[in-house]
Amino acid sequence: MGAPGEVVADIGGESYTLTAGESVTFDSRLAHPYRNASEQPAHLIIAVTPPTP
């Protein structure tokens, strides 16, 4: 089995590259598309809550 994939989260105009075991927290009102930035499969777990004022 190869190295795990990398997920790039583009959040509010900034890009964050995440590898296995890493996470990112952000205001869900910001645009936040995700993409696999590697040739390997990547798994993504997302927890969404309403933004706090």
Side-chain angles (χ1 to χ4, degrees):
M1 188 152 119
E6 295 178 341
V7 172
V8 174
D10 294 314
I11 302 168
E14 297 286 330
S15 291
Y16 301 89
T17 301
L18 306 169
T19 59
E22 295 183 321
S23 64
V24 63
T25 302
F26 57 92
D27 184 332
S28 63
R29 292 173 288 196
L30 298 172
H32 51 275
Y34 310 101
R35 58 190 161 86
N36 184 349
S38 68
E39 296 294 320
Q40 299 298 320
H43 298 274
L44 179 64
I45 298 172
I46 300 173
V48 180
T49 61
T52 51

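Model, not experiment: these values are computed from the prediction.
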Engineer: So, for Ala42 and Val7, which heavy atoms are closest and what is the spacing to 0.1 Å?
Structural biologist: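 Nearest pair, atom of Ala42 first, then Val7: CB-CG2, 3.7 Å.
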Engineer: Please check if the number of heavy atoms outside Glu39 that lie under 6.0 Å from its CD is greater than 12.
Structural biologist: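 No, not enclosed.
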Engineer: Please report the shortest heavy-atom distance between Glu22 and Leu18, naming the atom on each side.
Structural biologist: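 Shortest heavy-atom contact: OE1-CA, 3.4 Å.
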Engineer: Using the rule that two of Ile, Leu, Val, Met, Phe, Trp, Tyr join whenever any of their side-chain heavy atoms come within less than 4.5 Å, decide whether Val8 and Ile45 are in one cluster.
Structural biologist: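 No, it is not one cluster - the side chains of Val8 and Ile45 are not joined through contacts under 4.5 Å.
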Engineer: Hey, what do you get for OG1 (Thr17) to CZ (Arg35), rounding to the nearest 0.5 Å?
Structural biologist: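 Between Thr17 OG1 and Arg35 CZ, I get 7.5 Å after rounding to 0.5 Å.
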